[in-house]
Visitor: 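What follows is a single structure, and I will ask about it in a moment.
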Amino acid sequence: MYKVVIGLEVHCELKSNSKNFSSARNGFSDMPNTNVSVVDMGMPGILPVVNKEAVRNSLTMALAMHCNIPKYLSFERKNYFYPDLPKGYQITQFKNPIGTNGYMMINVNGEEKKVLIHDTHLEEDTAKMDHYTDYSLLDYNRCGVPLLETVTEPCLNSADEAVAFLEGLRNVFLYTGASYARSDRGQIRCDVNVSLMEEDATELGTRVEMKNINSFSGVREAIITEVARQTEILNRGEKVLQETRRYDENTNETYLMRSKEDAIDYRYFTDPNLPPIEISEKWIDEIRNELPKMPYERYKTYIEYGISVKDANTIVKDKELSDFYEECIKLSDKYLTLSNWLTGDVIKNLNKYDLTIDNSKFSPKMLVDLVNMIDSGKINGKQGKELLEKVIETGKEPMVLAKELGMEQIGDENEIRKIVLSVLNDNMNLVEDYKNGKNVFGFIVGLIMKNTGGKANPAMTSKILKEELDKYL
Ligand code: ADP
Ligand code: MG
């Protein structure tokens, strides 16, 4: 058995109105090659301008990952030729990434792990290439879109940990609003570095890099496949070669792309068209103060409330749901009851009516009111479920709806006593039976329920009935 070592380089497109260095729109789903400016096409004489919104989103992410922030923002050119990069170089950050030496806490199957972040840097995306049998199509809409690359230290030790990190990172992008981070749109992509070492070795083994994996399940499969391949090589007594391999999701195999000897020299140098920009302490403080409570912190709090790992994950994975829950627990301390309703019937009914928490009229106060109505005996649990569905369907207040549906339990002691007395008055023969020790209590409760259409609070009814009957003993 060898120890598995993994380091990830995660590229994620940032939200912004325009591109990273040009005024062309940063938009998905548009017609190909419509959001393109002369800057993106690398025309002679063009001058890039840094997009403040993209920098702000990068800073937000860097701070969320507890990184050090440089005093000055600066950019380098990474030179290489490829059709998806008309300038002949990518503007990136090589010397002074926007964030360095950070960390992110994740939970791996319920266990806590600290993932060290080497750096996170702002760069531009390339054009999108679609390859066909004897031609390729290029869409320059993506060329120049702000891209944040986050590089971990080689500190992950299993496919589970790698995927948990990716999920955690995506959540941070979603919670901060820095990116939509949709893998189905290729907005989050990952290079995976894998090596093996003997359990007691002190030096890392030789790594293999697998480039541009689009889905988290692809990352998991790629790691498993590559670990198996390297294990076999080492078991044969051979050495793993440092190389870049392509992972094919269809065949579940990796193929050699290039070896270390073919490594590209990118001739990095500072982009002379982009002078350094000072990042003020004031701006950093402002962004830091606006950071929302992070998914991992929320997860930990939920576990402390006694919520199961599964339910806590369900809530945290969906920011809308988590924000909803956070509002609920400002109004009520029934943490566990609320989370049970939320992860159970609320989700079920939202799906049923094809709604999301945000586009439905269902509010945190409605859920809290409904839970309180059950707890105070106004309605029973079964009615609560029915009522919840109607509340989600109609968006009406639970109290109003319960009245309309004639659901409210009779929970007023005086009212129940009146009904009990009238039922006993009409059935003195049963009172006689009770006095003679016959088992008629349940039957009388049944009569009272019938009398009230099942609305009398059962516990209160039993208590009062016993009080009144015992007066005859
Ligand atoms: P380069 O500068 O050649 O791109 P880096 O040292 O910056 O290489 O590492 C790139 C990525 O590879 C990082 O995510 C890092 O954690 C990972 N990595 C480096 N060495 C190893 C290794 N021996 N095994 C697994 N991953 C590694
Ligand atoms: Mg890179």
Side-chain angles (χ1 to χ4, degrees), residues 1-12 61-62 65-68 76-80 90 92-104 106 108 113-123 147-166 168-170 188-213 216 218-220 222-231 233-234 238-247 254 256-269:
M1 279 298 280
Y2 302 100
K3 189 172 160 195
V4 177
V5 176
I6 302 161
L8 300 176
E9 298 161 86
V10 191
H11 294 90
C12 191
M61 283 305 293
M65 293 188 284
H66 316 277
C67 288
N68 299 327
E76 276 75 35
R77 288 186 183 181
K78 177 177 177 179
N79 299 283
Y80 67 97
Q90 178 193 34
T92 183
Q93 295 190 296
F94 187 63
K95 292 185 204 150
N96 251 333
I98 196 154
T100 50
N101 287 324
Y103 69 90
M104 210 180 88
I106 58 168
V108 191
K113 169 139 186 154
K114 185 176 187 174
V115 180
L116 302 176
I117 307 294
H118 179 273
D119 76 85
T120 187
H121 57 267
L122 178 58
E123 54 189 32
L147 197 65
L148 191 72
E149 177 173 347
T150 303
V151 183
T152 74
E153 296 290 350
C155 64
L156 297 156
N157 300 108
S158 68
D160 275 1
E161 287 187 7
V163 172
F165 170 74
L166 288 171
L169 182 66
R170 174 164 59 194
I188 182 161
R189 315 185 293 267
C190 188
D191 301 343
V192 183
N193 298 272
V194 178
S195 69
L196 297 185
M197 62 197 281
E198 300 280 354
E199 283 290 348
D200 54 358
T202 48
E203 266 180 47
L204 294 179
T206 307
R207 77 183 153 114
V208 164
E209 177 173 18
M210 290 169 288
K211 282 217 169 283
N212 250 321
I213 305 178
F216 295 175
V219 169
R220 178 187 301 282
I223 292 170
I224 293 170
T225 307
E226 185 56 22
V227 167
R229 194 187 68 89
Q230 291 185 22
T231 304
I233 295 175
L234 294 177
E238 293 170 17
K239 283 202 167 108
V240 173
L241 299 176
Q242 186 174 341
E243 54 194 29
T244 303
R245 298 181 74 85
R246 185 173 65 85
Y247 173 71
T254 61
L256 178 67
M257 273 171 73
R258 57 174 180 259
S259 69
K260 192 187 176 185
E261 285 70 45
D262 319 323
I264 306 163
D265 178 359
Y266 293 113
R267 305 272 167 138
Y268 285 98
F269 67 87

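Just follow the structure's listing: the first ligand is 1, and inside any ligand the first atom is 1.
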Visitor: Which atom pairs, one a donor and one an acceptor, fall under 3.5 Å between side chains of residues 199-210 and the rest of the protein, sequence neighbours left out?
Guide:
{"unit_1": "R207", "atom_1": "NH1", "unit_2": "N193", "atom_2": "OD1", "d": "2.8"}
{"unit_1": "E209", "atom_1": "OE2", "unit_2": "K211", "atom_2": "NZ", "d": "3.1"}

Visitor: What do you think, any protein heavy atom under 4.0 angstrom from atom 7 (O) of ligand 1?
Guide: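 Under 4.0 Å from atom 7 (O) of ligand 1, zero protein heavy atoms found.
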Visitor: Ignoring hydrogens and geometry beyond distance, is a side-chain donor-acceptor pair present between H121 and E149 at under 3.5 Å?
Guide: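 Their side chains do contain a donor-acceptor pair, which is all the 3.5 Å distance test asks for.
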Visitor: Can you check which of P154, G205, A263 brings a heavy atom nearest to atom 23 (N) of ligand 1?
Guide: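 That would be G205.
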Visitor: Near L204, which atoms of ligand 1 are under 4.0 Å from a heavy atom of that residue?
Guide: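 Those of ligand 1 that fall under 4.0 Å from L204 are 23 (N).
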Visitor: Please classify the E153 to ligand 1 contact at 4.0 Å (heavy-atom distances, strictly less than): side chain, backbone, both or neither.
Guide: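 For E153, the contact with ligand 1 is made by the backbone alone.
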Visitor: Would you say the side-chain atoms of T152 pair up with the backbone N or O of L8, donor to acceptor, closer than 3.5 Å?
Guide: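 Confirmed, T152 side chain pairs with L8 backbone.
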Visitor: With Q93, which residues qualify under side chain to side chain donor-acceptor pair (under 3.5 Å), at least two apart?
Guide: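 Counting only residues at least two positions away or on another chain, Q93 forms no side chain to side chain donor-acceptor pair (under 3.5 Å).
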Visitor: Does the protein come close to atom 16 (O) of ligand 1 - that is, does one of its heavy atoms sit below 4.0 Å from that atom?
Guide: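 Protein heavy atom within 4.0 Å of atom 16 (O) of ligand 1: present.
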Visitor: Which atoms from ligand 1 have a heavy atom of V151 less than 4.0 Å away?
Guide: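 Counting atoms of ligand 1 from 1, those under 4.0 Å from V151 are 13 (C), 14 (O).
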Visitor: Taking heavy atoms and a distance under 4.0 Å, where does L8 meet ligand 1: side chain, backbone, both or neither?
Guide: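 Only the backbone of L8 comes within reach of ligand 1.
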Visitor: Contact between V4 and S158 at the side-chain level, heavy atoms closer than 4.5 Å - yes or no?
Guide: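 Counting from C-beta outward, V4 and S158 never come under 4.5 Å.
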Visitor: Taking only heavy atoms of T152, which atoms of ligand 1 are found under 4.0 Å from at least one of them?
Guide: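 Answer for ligand 1: 13 (C), 14 (O), 15 (C), 16 (O).
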Visitor: Taking the minimum heavy-atom distance to atom 5 (P) of ligand 1, which of H118, R207, E9 ranks first?
Guide: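 It is R207 whose heavy atom sits nearest to atom 5 (P) of ligand 1.
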